[in-house]
Amino acid sequence: MRVLVTGGAGFIGSNLVRRLLADGDEVVVIDDLSTGYAHNLAGLPVQFVEASILDQQALAAAASGVDAIAHLAALGSVPRSVKDPMASHHANATGTLMVLEAARREGAYVTAASSSSVYGSVPDLPRTEALPTRPMSPYAASKLATESYVLAYGTSYGLPTLPFRFFNVYGPRQAAGHVYAAVIPMFIDAALNGQPLPLNGDGQQSRDFTFVDTVTWVLANAIHRKVSSDVPVNLAIGANVTLLDLIAELEGQLGHNLQVEHRPERVGDVRASQSDPVLLRELFPDVPVVPFTEGLASTLAWFRSA
Ligand code: NAD
């Protein structure tokens, strides 16, 4: 298949590109390198279009002749969106609309990345897709727009589509060392550089950490089978790991204690997040689950070698 990966120079995108190439697909990437890196794709036989998905001409050229689009391009991070909501809206909401228009012209299958942040302040755990959504940040609102547009294009134009709600994905190639880095690369980077781990809040926040290989397996499988859904599907396996658990696991794997620098809780952050993966298992019965200890060890090994 010929597959367009938007945001393919980013963390999840560059892992997905590797899997698609290994599966024998032809891959086109569009990425403006706003948070991704060209070196994530170095040496790979992909057609790389360095442009924003908001650039209609560049997007149309990248999408020309594709059978499927994995739409991952977005400005991630809750704090980034609190600081600059318009930028998140343009990239995540308007950008999704642009990608869907390109898909409509090509008659291409679309799978896209929404986020568990759309559940926001809904207290129920674990999260099932039947729960209401209550975004707590501009990022979450923009992801609700993403998944809503993807579903709307399914019903309005008969396009086969599948929006996934990613939870906390981690693994090799996740960016560290910038102010909006996710917690696992941020902690690993600090630990390997002998710095204290910056911990926002009391550390009892819990997350459903999902190893990136599980996510790319599901995305590739969805693309190859053109799996569609008229509801968003949680893409996580039901883990429930607190940040204090994460620190303890890192200490165990590194073989020494880690210093922690306590910081205030972040605006817009949810307290607890865990998926109920019933629907995911219905659609993808063979979804591979990587235990947290194993995924963290692979991630640590990658950071040590990078
Ligand atoms: P990432 O920042 O590493 O990747 C996003 C990529 O999109 C980057 O390469 C960036 O340069 C590109 N991009 C941003 N705006 C663009 C634009 N206007 N045009 C073209 N390219 C653009 O992030 P990631 O962790 O790989 O996330 C991939 C997707 O998954 C995003 O949609 C994100 O919102 C979603 N998601 C990720 C997580 C997670 O835990 N990593 C959780 C929930 C949702």
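Along the sequence shown, residues are numbered consecutively beginning with 1. Atoms within each ligand, like the ligands themselves, are counted from 1 in listed order.
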Derivation of the side chain to side chain contact (heavy atoms under 4.5 Å, CB included) call for F187 and L199: CA-CA 9 Å; F187 279 7; L199 177 64; 4.0 Å; yes
Heavy atom of A9, distance to ligand 1 below 4.0 Å: yes
Numbered atoms of ligand 1 (with element) below 4.0 Å of G10, judged on heavy atoms: 3 (O), 4 (O), 8 (C), 9 (O)
Atom 34 (O) of ligand 1 touched by protein (heavy atom, under 4.0 Å): yes
V122 side chain near T133 side chain, heavy-atom distance below 4.5 Å: no
Name of the residue among F292, F11, W302 meeting ring-ring contact (aromatic ring centres under 6.0 Å, His included) with Y170: F292
For atom 26 (O) of ligand 1, closest protein heavy-atom neighbour: I12 N, 2.8 Å
N/O donor-acceptor pair under 3.5 Å between T242 side chain and D245 backbone: yes
A73, any N or O under 3.5 Å of ligand 1 N or O: no
Closest non-hydrogen atom pair between T6 and H71, with its separation: OG1-ND1, 2.7 Å
Which residue and heavy atom of the protein sit nearest atom 2 (O) of ligand 1, plus the separation: T35 OG1, 2.7 Å
Within 6.0 angstrom of Q204 CD, more than 12 heavy atoms from elsewhere: yes
Non-hydrogen atoms of M1 and A68 that approach each other most closely: CE-CB, 4.0 Å
Atoms in ligand 1 with a heavy atom of Y139 nearer than 4.0 Å: 33 (C), 34 (O), 36 (N), 43 (C), 44 (C)
For F167, the ligand 1 atoms whose distance to one of its heavy atoms is below 4.0 Å: 38 (C), 40 (O), 42 (C), 43 (C)
Taking every non-hydrogen atom, the tightest pair across V267 and V82: O-CG2, 4.3 Å
For R19, the option from D25, D213, T216 that meets side chain to side chain donor-acceptor pair (under 3.5 Å): T216
Subset of ligand 1 atoms that lie under 4.0 Å from at least one heavy atom of G7: 6 (C), 7 (O), 9 (O), 12 (C)
For ligand 1, the portion of T6 having any non-hydrogen atom under 4.0 Å away: neither
Closest protein heavy atom (residue, atom, distance) for atom 17 (C) of ligand 1: D32 OD2, 3.3 Å
Option among N168, T299, V169, L296 that satisfies the side-chain contact (heavy atoms from CB on, under 4.5 Å) test with F209: N168
Ligand 1 contact by S114, heavy-atom criterion under 4.0 angstrom: yes
Atom 40 (O) of ligand 1: the protein heavy-atom neighbour that sits closest, reported with distance to 0.1 Å: V169 N, 2.8 Å
Geometric N/O contact D31 with ligand 1, under 3.5 angstrom: yes
Atom 15 (N) of ligand 1: nearest protein contact (heavy atom, Å): S34 OG, 3.4 Å
Short N or O distance, I30 and ligand 1, threshold 3.5 Å exclusive: no
Identity and separation of the nearest protein heavy atom to atom 3 (O) of ligand 1: F11 N, 2.8 Å
G36 neighbourhood, listing ligand 1 atoms whose heavy-atom distance to it stays under 4.0 Å: 8 (C), 9 (O), 10 (C), 11 (O)
Evaluation steps, side chain to side chain contact (heavy atoms under 4.5 Å, CB included), between R165 and Y119: CA-CA 10 Å; R165 290 177 178 161; Y119 294 114; 2.8 Å; yes
Derivation of the salt bridge (charged side-chain N to carboxylate O under 4.0 Å, His left out) call for R271 and D202: CA-CA 10 Å; R271 182 78 185 152; D202 62 6; 2.8 Å; yes
Whether over 12 other heavy atoms sit under 6.0 Å from E265 CD: no
N or O contact, I53 vs ligand 1, cut-off under 3.5 Å: yes
Any donor-acceptor N/O pair, H224 side chain to A220 backbone, under 3.5 Å: yes
Sub-4.0 Å heavy-atom approach of A51 to ligand 1: yes
L72 neighbourhood, listing ligand 1 atoms whose heavy-atom distance to it stays under 4.0 Å: 28 (C), 29 (C), 31 (C), 32 (O)
Those atoms of ligand 1 less than 4.0 Å from some heavy atom in K143: 31 (C), 32 (O), 33 (C), 34 (O)
Ligand-residue contact atoms, ligand 1 with S52, heavy atoms, under 4.0 Å: 17 (C), 18 (N), 19 (N), 20 (C)
